[in-house]
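Input: a single structure, listed below in structure tokens.
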Amino acid sequence: MISEKPRVRFAPSPTGYLHVGGLRTALYNYLFAKNRDGKFILRIEDTDRNRFVEGAVENLIASLKWCGLEYDEGPDIGGTYGPYMQSQRLEIYKEHVKELIAEGKAYYCFCTPERLDELRKEQQAKKLPQAKYDKHCLRLSKAEIEENLNGGVDYVVRLNVEPDKKIVFDDVVRGHIEFESNNVDDQVLIKSDGYPTYHLANVVDDHLMKITHVIRGEEWLSSTPKHVLLYDFFGWERPVFAHLPLLLNPDRSKLSKRQGDVAVEDYRAKGFLKEALINFVALLGWNAGDDKEFYYIDELIEKFSLDRVNKSGAVFDLEKLNWLNAEHLRKKTDEEILPMLKKEIHNITEESTDINQQPELQLIKNRNFDDEYLLKIISAMKERVSFVREYLTKSPYFFAAPEKYEEAAVLKNWKPETPPVLQKLRDEFSALQNPGKEEYENALAKTAEGLNIGKGKIIHPLRLSVSGISTGPGLYDILVILGKDEVIKRINTALEKIKV
RNA sequence: GGCGCGUUCGUCUAGUGGCUUAGGACGCUGCCCUCUCAAGGCAGAGACCACGGGUUCGAAUCCCGUACGCGCUACCA
């Protein structure tokens with residue numbers, strides 16, 4: 001068993017998108033499988049017809065693939081234990097449940113929803129410790145059951161839980177866990193529409209698909225006794241269980257839509273790198289026992305183990321995700337960033353950059369920039385950005401001449417004596433042939449010296465003239481990137497436009 | 001309400017009985033670097049290890065109780 005190569009699965013229900021909590025579950029399954037040279041399987045738990053969402057499966061798969069979590073078997077690629085959509089396995093569940101019924105381990109129930117409702121209300125009124133089905137239909141005779149079945153009466157199949165038993169199992173992250181069978185309800189296994197419930201389907205499929213380790217969210221811990229019972233009733237070996245701690249909102253409630261983004265596609269749209277998202281989410285509930293925080297997925301695969309998974313929920317902290325994004329982005333080569341920048345330029349929208357704040361970006365969208373030029377920008381801005389998008393928003397002046405000038409900087413750096421100084425400098429620059437950093441620097445120094453003023457008196461207004469703002473890469477780097485003609489043009493524009 | 005699980009700086013966490021005056025990271029503050037902003041370096045604030053009892057020569061670490069939080073309690077997953 002231990003030497004066996006594990007087979008694990010990620011089994012989401014297709015609700016429309018991949019939740020980051022789901023991503024974490026998928027990732028741990030993936031890391032565990034790859035670490036042990038096992039198989040990672042995707043199975044779609046679409047047994048609730050009321051919750052059917054068009055395109056949900058495709059969306060889920062797209063997000064999973066974007067993250068790089070390739071599975072070995074799944075609905076779109078098949079595999080030896082398919083199909084991998086539960087809605088396509090209905091007959092399998094029915095056959096298995098027949099077995100259980102024949103052995104008295106499950107039974108038909110013809111109770112109407114109305115009776116169930118009443119029963120529940122009654123139990124609540126009596127303040128019974130727990131609301132449970134009363135096994136009413138277990139007492140039906142064979143003949144009565146036959147009659148109902150033949151008469152086409154709606155029915156469900158229920159698990160026959162024996163009273164007064166201890167149900168025990170071990171969980172890799174939580175240890176030994178015990179439940180009283182008296183607290184376990186006679187769970188519905190087959191619904192009246194013929195579809196199985198999660199509890200039946202996941203056990204049958206996990207067994208048939210030879211799943212060795214069930215790694216899933218903590219919300220399943222309470223229903224694990226039902227699953228354990230099912231394994232025992234079928235006479236099947238139980239998989240190893242590992243229940244993962246939940247991902248939390250800042251207020252420590254279960255991570256939800258209401259308090260921010262929860263879908264992987266949201267983070268993708270915001271410009272997060274998949275490397276950062278994976279790295280971040282991996283550390284939410286697991287660590288290697290050392291101080292390492294920056295990981296690539298290969299290193300995660302190498303280091304991951306279930307016994308280092310934490311027990312308590314983790315708050316999804318955006319600040320740290322931002323930091324990791326910046327770290328991963330900086331680690332990329334300029335050449336790797338180039339196509340990303342080009343894509344960003346191409347896809348620029350009002351939403352993504354708040355063009356209203358930076359009207360000059362309006363002009364960028366359909367312009368083409370030389371790779372060589374973009375590479376220079378990347379090199380100059382790399383350690384100043386956390387997102388690819390910020391190459392545009394933090395240094396729009398590389399893409400279009402400034403249309404307005406930062407007010408605070410104007411007030412601080414643009415004095416009555418500034419215009420003549422810049423005119424002098426402009427003339428000095430005009431005389432240069434193919435200037436590089438040093439030439440600009442020398443020319444500026446010479447101007448300052450000639451005027452008998454500090455270099456700062458020129459540097460700051462010049463930065464403002466060419467960029468419109470007061471922050472950014474070294475001034476001479478900016479000048480070199482923009483080129484002499486553009487620099488002179490911008491000085492002239494500034495001299496015209498900036499009035500104090 | 002019942003059942004289950006959890007509880008170390010604001011957040012993610014290290015810690016598996018003495019190495020701990022509880023370590024790291026994000027964020028925050030200050031300093032250095034510097035034409036600005038970053039990055040980087042250094043320093044700092046920040047946790048009576050939820051609380052109360054035990055066990056032990058010794059407990060964040062083991063046991064019990066309490067509180068609080070979360071999950072489940074469906075013909076949803």
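The sequence lines fix the lettering, A, B, ..., with proteins before strands; numbering per chain opens at 1. Because only heavy atoms are used, hydrogens play no part in the values below, and waters and symmetry mates are left out as well, while side chains stay in.
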- Query: What interatomic distance, in whole Å, is found between C1' of U16(B) and the corresponding atom of C33(B)?
  - Reply: 44 Å
- Query: Would you say U13(B) has OP1 or OP2 under 4.0 Å from some side-chain N or O of Asn310(A)?
  - Reply: yes
- Query: Now, which nucleotide makes the Watson-Crick or G-U wobble pair with U29(B), with each of the two distances under 3.5 Å?
  - Reply: A43(B)
Could you pull out every donor-acceptor pair under 3.5 Å between side chains of residues 272-285 of chain A and any protein atom, sequence neighbours left out?
residue	atom	partner	partner atom	Å
Glu275(A)	OE2	Lys332(A)	NZ	2.9
Asn279(A)	OD1	Tyr295(A)	N	2.9
Asn279(A)	ND2	Glu293(A)	O	3.1

- Message: Does Thr224(A) reach a base, just sugar-phosphate, or nothing at all? Heavy atoms under 4.0 Å.
- Response: nothing
- Side chains of Asp205(A) and Tyr84(A): is there a donor and an acceptor less than 3.5 Å apart? no
- Task: Sequence neighbours left out, what passes ring pair (Phe, Tyr, Trp, His ring centres under 6.0 Å) with His227(A)? Give chain and number order.
- Result: Tyr198(A), His199(A)
- Separation of A25(B) P from Leu284(A) CG (nearest whole Å): 18 Å
- Above 12 or not: heavy atoms from other molecules or residues under 6.0 Å from CD of Glu180(A)? yes
- Item | Whole-Å C1' distance, G27(B) and C68(B) | 26 Å
- Message: Using the C1' atom as the point on both nucleotides, what is the distance between C12(B) and U7(B), in whole Å?
- Response: 15 Å
- Query: For Ser87(A) and Asp46(A), does a side-chain donor sit closer than 3.5 Å to a side-chain acceptor?
  - Reply: yes
- Query: With a 3.5 Å cut-off and no angle check, do the side chains of Asn287(A) and Arg308(A) form a donor-acceptor pair?
  - Reply: yes
- Heavy-atom protein contacts under 4.0 Å, nucleotides 28-45 of chain B, coded B base, S sugar-phosphate only, - none: -------BBBBS------
- Message: I'd like the P distance from G10(B) over to A22(B), given in whole Å.
- Response: 16 Å
- Query: For G1(B), which nucleotide is its Watson-Crick or G-U wobble mate, given both distances must be under 3.5 Å?
  - Reply: U73(B)
- Note on the structure: Side-chain atoms of Arg174(A) come closest, of G23(B), G6(B), C12(B), to G6(B)
- Message: Please give me every residue in residues 187-198 of chain A whose heavy atoms get under 4.0 Å of an atom in RNA chain B, ordered by residue number.
- Response: Val188(A), Lys191(A), Ser192(A), Pro196(A), Thr197(A), Tyr198(A)
- Message: What's the closest nucleotide to the side chain of Ala314(A) if the choices are C75(B), C12(B), C5(B)?
- Response: C12(B)
- Message: Give me the distance, rounded to whole Å, that separates U8(B) from U61(B) when you measure between the P atoms they each carry.
- Response: 13 Å
- Query: Do NZ/NE/NH1/NH2 and the carboxylate oxygens of Lys311(A) and Asp171(A) come within less than 4.0 Å?
  - Reply: no
Restricting both atoms to N or O, compile the protein contacts to nucleotides 62-71 of chain B shorter than 3.5 Å, with distance only.
residue	atom	partner	partner atom	Å
G71(B)	N2	Ser222(A)	OG	3.1

- Hey, could you give me each pair passing salt bridge (Lys or Arg N to Asp or Glu O under 4.0 Å) that has a residue in residues 448-464 of chain A? Not counting sequence neighbours. none
- Mind running ring-ring contact (aromatic ring centres under 6.0 Å, His included) on Tyr231(A) and Phe169(A) for me, showing each step along the way? CA-CA 12 Å; Tyr231(A) 281 103; Phe169(A) 60 93; over 10 Å; no
- Task: Name the nucleic acid region contacted by Glu319(A), choosing base, sugar-phosphate or nothing; use a 4.0 angstrom heavy-atom cut-off, strictly under.
- Result: sugar-phosphate
- Message: Can you tell me if Arg120(A) touches the phosphate of C75(B), counting only side-chain N or O atoms and a distance under 4.0 Å to OP1 or OP2?
- Response: yes
- Task: Tell me yes or no: between the side chains of Asn310(A) and Ser312(A), is some donor less than 3.5 Å from an acceptor?
- Result: no
- Task: With Lys331(A) as the cation and Phe294(A) as the aromatic partner, state whether NZ or CZ is under 6.0 Å from the six-membered ring centre and within 45° of the axis.
- Result: yes
- Query: Hey, which of these two, Asn287(A) or Glu180(A), hits RNA chain B nearer its 5' end, going by closest nucleotide?
  - Reply: Glu180(A)
- How far does the P atom of G52(B) sit from the matching atom of C75(B), given to the nearest Å? 44 Å
- Picking from A77(B), U16(B), G6(B), which would you name as closest to the side chain of His199(A)? A77(B)
- Query: Quantified in whole Å, what is the P atom distance between nucleotide A39(B) and nucleotide G30(B)?
  - Reply: 14 Å
- Task: For Phe179(A), answer base if it contacts any base atom (sugar-phosphate contacts may also be present), sugar-phosphate if it contacts only those atoms, and nothing otherwise; contact means non-hydrogen atoms under 4.0 Å.
- Result: sugar-phosphate
- Task: Look at Asp232(A) together with Arg238(A) and state whether they make a salt bridge at an N to O cut-off of under 4.0 Å.
- Result: yes
- Task: Among the candidates C5(B), C75(B), U11(B), find the nucleotide nearest to the side-chain atoms of Val315(A).
- Result: U11(B)
- Query: Is Lys132(A) reaching over with its side chain to a backbone N or O of Asn182(A), donor-acceptor style, under 3.5 angstrom?
  - Reply: yes
